[in-house]
Amino acid sequence: MTTRRLYLARHGAANAFGELTGIGHRQASLLGERLAGVPVDAVWHSPLPRAVASAHELARHLPEVPVAEAAELVDHVPYVPSAAETPPSWAGFFDGYDDAEAASGQRLAEALVARFAKVPGTTVEGARPDTHEVLVTHAYQIAWLVRHALDAPPSRWLGLNSANTALTVIEYRSGLPPTIVMFNDMSHLPADLRWTGFPEGMGP
């Protein structure tokens, strides 16, 4: 049975200009230390600077592992819910999205799933070996992949928050539904580096 394991991580803490801060660099480095014991085959990252910097920072702990951009990991709204699907706490959030923007976001979300949320096909030699890939991306993209793994309604990506450099792991195996191994795990971060990236007032 072929297995594909995705290690999803939101980028480290960033400033108002979308650049990684000193805290963000520390968070990404600690995530890299945690992943150093994993047989990682590749690190993929969003094109945005905060994700690029996070990926290269954590990859310092993964010698010889290739690091590459994946356009599907860019930050975007994956699905704009109807008014009936929108929780009261999100009221007004999507007011600025027109039909073209919503359609573009949904196409990107579908491309993300098509590329990563599956077991790679067989080769002429037979089944592919198991793979371990790190995806450095954004909160909405992690929420979308978790929602997809749960086979939940499209609007259920709302409220699935991820802390900066928290680890979410999803496993895909041939002939079986996806397995969420862990979600938003921050055990590699000291207390003062946890819960960044959330709205104010959210935390344990």
Side-chain angles (χ1 to χ4, degrees), residues 6-21 23-24 27 44-52 54 69-118 134-172 177-186 189 194-204:
L6 298 184
Y7 300 80
L8 310 174
R10 186 180 178 184
H11 58 81
N15 62 25
F17 302 101
E19 299 166 338
L20 211 61
T21 63
I23 286 175
Q27 290 171 322
W44 302 96
H45 61 76
S46 155
L48 299 183
R50 57 192 183 274
V52 176
S54 297
E69 179 181 305
E72 298 88 347
L73 296 173
V74 72
D75 196 11
H76 68 275
V77 170
Y79 176 79
V80 177
S82 66
E85 296 173 296
T86 305
S89 60
W90 287 78
F93 183 84
F94 301 102
D95 289 352
Y97 288 86
D98 59 27
D99 291 345
E101 288 175 305
S104 174
Q106 196 154 355
R107 284 194 297 271
L108 273 170
E110 290 167 356
L112 173 63
V113 166
R115 179 169 182 179
F116 290 109
K118 63 180 183 181
V134 177
L135 275 54
V136 182
T137 183
H138 307 273
Y140 292 172
Q141 284 51 64
I142 295 170
W144 186 253
L145 289 169
V146 169
R147 179 221 62 83
H148 176 267
L150 293 172
D151 197 23
S155 62
R156 194 58 193 89
W157 72 271
L158 299 174
L160 293 173
N161 296 311
S162 291
N164 292 122
T165 71
L167 190 61
T168 293
V169 181
I170 306 178
E171 190 174 84
Y172 302 88
T179 299
I180 297 176
V181 179
M182 67 176 64
F183 174 71
N184 197 43
D185 187 86
M186 294 177 271
L189 300 174
R194 297 180 185 180
W195 296 101
T196 65
F198 281 82
E200 284 189 27
M202 290 189 68

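Numbering starts at 1 and runs along the sequence shown.
Residues that satisfy the side-chain hydrogen bond (donor to acceptor under 3.5 Å, both in side chains) test with Tyr7, not counting sequence neighbours, are His132. Thr168 pairs by the side-chain hydrogen bond (donor to acceptor under 3.5 Å, both in side chains) definition with nothing, not counting sequence neighbours. Listed by chain and number, the residues in a ring pair (Phe, Tyr, Trp, His ring centres under 6.0 Å) with Phe183 amount to none (sequence neighbours excluded). For His138, the side-chain contact (heavy atoms from CB on, under 4.5 Å) test picks out His11, Ser46, Leu48, Arg50, Ala51, Asp75, Gln141, with sequence neighbours left out. The side-chain contact (heavy atoms from CB on, under 4.5 Å) check on Ala163 picks up Ala166, Asn184, Met186, Phe198, with sequence neighbours excluded. By the ring pair (Phe, Tyr, Trp, His ring centres under 6.0 Å) test, Tyr172 is found to be paired with no residue, residues two or more places apart in sequence or in another chain being considered. Listed by chain and number, the residues in a side-chain contact (heavy atoms from CB on, under 4.5 Å) with Ala149 are Ile170, Pro178, Ile180 (sequence neighbours excluded). For the side-chain contact (heavy atoms from CB on, under 4.5 Å) test, residues two or more places apart in sequence or in another chain that qualify with Pro87 are Ser89, Trp90, Leu158.
For residues 93-113, the set of pairs meeting the side chain to side chain donor-acceptor pair (under 3.5 Å) definition, not counting sequence neighbours, is empty. The salt bridge (charged side-chain N to carboxylate O under 4.0 Å, His left out) contacts involving residues 157-171 comprise Arg5-Glu171, Glu171-Arg173, where partners must be two or more places apart or lie in separate chains. For residues 151-160, the set of pairs meeting the side chain to side chain donor-acceptor pair (under 3.5 Å) definition, not counting sequence neighbours, is empty.
With Arg147 contributing its side chain and Leu160 its backbone, the two residues share no donor-acceptor pair below 3.5 Å. In this structure a side-chain-to-backbone donor-acceptor pair under 3.5 Å is missing from Thr21 to Asn15.
The distance from the CZ atom of Phe94 to the OH atom of Tyr79 is 10.0 Å, given to the nearest 0.5 Å. With rounding to the nearest 0.5 Å, the separation of CG in Asp185 from OG1 in Thr165 is 10.5 Å. Atom OG1 of Thr196 sits about 3.5 Å away from atom CG of Asn164, to the nearest 0.5 Å. Here Ile142 contributes atom CD1 and Thr137 contributes atom OG1; the two are 6.0 Å apart, rounded to the nearest 0.5 Å. Here Leu112 contributes atom CG and Trp144 contributes atom CH2; the two are 9.5 Å apart, rounded to the nearest 0.5 Å. With values rounded to the nearest 0.5 angstrom, His45 atom NE2 is found 9.0 Å from Leu73 atom CG.
The two residues Arg115 and Ala70 have their closest heavy-atom pair at NH1-CB, 3.7 Å. Taking each heavy atom of Pro78 and His76 in turn, the nearest pair found is CD-O, 3.3 Å. Of all non-hydrogen atoms in Ser162 and Arg10, the two that sit nearest each other are O-NH1, 2.8 Å.
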